[in-house]
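What you see below is based on every heavy atom in this structure, not just the backbone, and it leaves out hydrogens, waters and symmetry mates. Lettering of chains follows the sequences in order, A, B, ..., and the numbering in each one begins at 1.
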Amino acid sequence: MSTPLDDLFVNTRKENRAALIGFLPAGFPTQPRSISTLTAMIQGGCDAIEIGFPYSDPVMDGPIIQAASDQSLKQRTGSREVFATVKAIAPLAPTVVMTYWNPIERYGVTKFLESMKENGGSGAITPDLTIEESSHWIEETQRLESNRIFVVAPSTSDDRLKKVAEASTGFIYAASLMGVTGTRASVSTGAQTLVDRIRRITDKPVAVGLGVSTPEQAHEVAQYADGVIVGSAFIRLIQESKSEEEGISKVKNLAHALAQSMKRS
Amino acid sequence: MTPLADSQILGHFGPYGGRFVPEALIAALDELTLAHETALNDPAFQKELADLHRTYTGRPSIITEAKRFAEHAGGARILLKREDLNHTGSHKINNVLGQALLTKRMGKKRIIAETGAGQHGVAAATAAALMGLECVVYMGEEDTKRQSLNVARMKLLGAEVIPVTQGSKTLKDAINEAMRDWVTNVETTHYLLGTVAGPHPFPTMVRDFHRIIGVEAREQCLDLVGRLPDAVLACVGGGSNAIGIFHPFLEDKSVRLIGLEAGGKGIESGLHAATISGGTPGVLHGTRSYVLQDENGQTVESHSISAGLDYPGVGPEHAYLHDIGRAEYRAITDDEAMYAFSLLSKTEGIIPAIETAHALAGAMQVGNELGADAVLLINLSGRGDKDVQTAAAYFGIPL
Ligand SMILES: Cc1ncc(COP(=O)(O)O)c(C=O)c1O
């Protein structure tokens with residue numbers, strides 16, 4: 001079996017380019033606008049989408065995503081809205097859900113994966129699920145043919161990299177630096193070192209996230225990674241825009257510029 | 001070896017505990033686990049800590065028998081383990097000195113801490129001053145207003161206090177912000193967590209540093225009464241003072257272990273912090289335990305008159321002890337706690353922390369249930385100086 005996400009990386013490898021993966025929390029800035037924004041991201045050139053499940057205690061997120069999650073939670077975004085968003089977006093591009101662990105545990109692992117499948121989602125990114133705690137998750141994602149994407153960091157030992165790479169499907173999420181989400185002036189040099197270390201262990205796709213916001217940075221990362229993940233930069237454009245139209249058009253333009261820089265030169 | 005040892009592999013207590021954290025923290029948690037385990041078996045470390053406790057903390061802490069208070073607790077014998085007499089005024093110093101010594105052993109120069117009431121922040125700032133470490137304390141903006149005196153104390157001790165403006169602006173958000181700092185600065189920084197929650201090894205390590213309370217008290221009770229107590233009682237926020245006094249009694253099956261949670265305005269009202277009595281299993285701040293949460297797994301804000309118990313999570317070992325029936329947990333309302341607060345002050349001349357007053361209210365209940373033959377050991381986890389403003393407002397005393 002393969003998911004739409006698996007197929008994407010087969011194609012981008014053939015095309016000798018990286019995939020652009022755009023992130024937005026469900027329900028941000030509102031439920032209808034999150035769907036129109038995600039659609040614009042795809043029209044601009046995003047190859048895949050990460051839908052964030054907003055959570056009350058996002059310890060891996062910096063101020064931009066925290067504020068967006070808060071705004072979404074104030075409108076009572078929950079599993080219903082998250083899966084409604086998956087359903088709307090998955091026909092347009094491979095779609096995964098990025099979520100802290102507790103919302104999955106509360107919803108029920110099996111039920112979560114069944115809903116994922118029903119709505120056309122490829123799988124989930126679980127940034128605070130350690131492999132030690134994931135045996136049930138691995139069994140169920142296996143059974144229900146869902147991608148399970150773990151996150152690794154520059155501080156991850158080679159021993160652990162092996163285990164995490166083994167357990168991951170879809171892609172391996174390489175956090176570019178030691179820190180939280182947000183825009184940064186430059187992409188940490190640690191990112192390429194980490195990707196090189198993963199390459200020595202596996203040929204599974206590797207996508208780099210944390211701190212990528214400009215086409216220049218994206219181009220740099222696209223030279224060595226299979227995927228480039230951009231989140232805070234899109235959110236900031238919406239936060240800064242005075243109208244829905246302005247937000248949508250800025251988001252589409254950024255996605256377009258980023259997509260142009262996925263080529264390997 | 002306790003009978004629980006098997007279930008503690010990888011920091012698990014039955015289905016609870018473990019590690020739910022970003023991968024970036026794993027190396028630091030492994031380093032800390034190793035440092036803790038090495039220190040446990042290192043006589044030099046144990047001697048350094050014991051010397052500090054003797055010459056700085058003021059250990060062993062004494063036992064006071066509360067005879068006049070006992071008249072309101074069914075005439076049972078009431079033994080108070082006086083952690084309030086420790087330097088900085090609560091049990092928190094036991095853990096803080098232990099972790100500060102580990103910080104030095106790991107070669108780190110900076111500690112960060114979260115605080116609600118300010119007691120753990122003050123203790124952390126104290127240890128940092130003593131050992132020449134840089135100290136940053138995260139505190140919810142709401143709490144910095146409620147506990148301005150403790151903010152000043154931390155600053156006098158040389159710590160930097162960062163008010164946290166995210167989320168509910170209380171303890172849970174201070175922990176979030178401390179974890180973000182830690183993820184970013186993990187190479188130079190130790191996160192000196194203040195209770196038995198968080199990812200492994202914190203629940204085990206913080207417990208080990210507080211076990212001294214129960215080890216001393218068990219001995220002192222045998223000396224004084226000639227037998228073990230019928231029940232040991234303690235208030236439960238994150239659960240560190242409770243596990244510290246409970247743990248050495250786990251094998252003594254005749255001894256009931258009773259934790260008193262913050263019932264706020266009553267569990268039915270939804271305005272409480274009684275995580276075991278009124279919560280459900282879930283994951284918060286890196287560990288699986290009971291959590292106050294909604295149907296989407298979002299953390300629900302807690303409420304308590306006591307800032308130190310105002311937390312929507314609880315240590316995983318308590319969740320386990322509850323499920324296997326080894327310990328019982330009850331909720332005490334704000335009003336019940338404040339009644340006990342006033343009673344201990346007026347019958348014994350001891351003003352307790354409002355957190356501790358929850359344990360005292362529990363002792364009144366249990367004493368009345370068990371009667372005059374019972375012996376109750378209560379962890380007097382802290383003194384009430386920090387609570388004078390809150391108590392004055394509650395009782396209508398003009399300041
Ligand atoms: C005096 C006192 N007792 C109890 C607590 C609650 O913490 P724990 O449940 O970890 O003992 C606090 C926390 O601030 C405290 O200051």
Under the salt bridge (charged side-chain N to carboxylate O under 4.0 Å, His left out) test, residues paired with A:D61 that sit two or more places apart: none
Sequence neighbours excluded, the answer for salt bridge (charged side-chain N to carboxylate O under 4.0 Å, His left out) partners of A:E140 is A:R143
Answer key: most heavy-atom pairs under 4.5 Å with chain B among A:A67, A:S79, A:P154 is A:S79
Under a 4.5 Å cutoff for heavy-atom pairs, which residue among A:R106, A:Q66, A:E132, A:R160 has the most contacts with chain B? A:R106
Non-hydrogen atoms of chain B under 4.5 Å away: do they reach the side chain of [X], the backbone, both or neither?
X: A:P127; answer: backbone
X: A:D70; answer: side chain
X: A:Y100; answer: neither

Side chain from CB out, backbone as N, CA, C, O: work out which of these in [X] comes under 4.5 Å of a heavy atom of chain A, or both, or neither.
X: B:V21; value: both
X: B:E187; value: neither
X: B:S168; value: neither
X: B:Q298; value: both

Residue by residue, scan residues 169-208 of chain A and write down, ordered by number, those that have a heavy-atom distance under 4.5 Å to chain B; if none do, write 'none'. A:M178, A:G179, A:V180
Do any of residues 115-124 of chain A come closer than 4.5 Å to chain B, heavy atom to heavy atom, and if so which ones, in number order? none
Answer yes or no: is there a side-chain heavy-atom contact under 4.5 Å between A:Y55 and B:T299? yes
So, for B:E23 and A:V152, which heavy atoms are closest and what is the spacing to 0.1 Å? CG-CA, 3.9 Å
Correct closest heavy-atom pair for A:S155 and B:A24 would be OG-O, 3.2 Å
Between the CG atom in B:N296 and the CD atom in A:E81, the distance rounded to the nearest 0.5 Å is 7.5 Å
Verify, without hydrogens or angle tests, whether A:N102 (side chain) and B:G282 (backbone) share a donor-acceptor contact under 3.5 angstrom. no
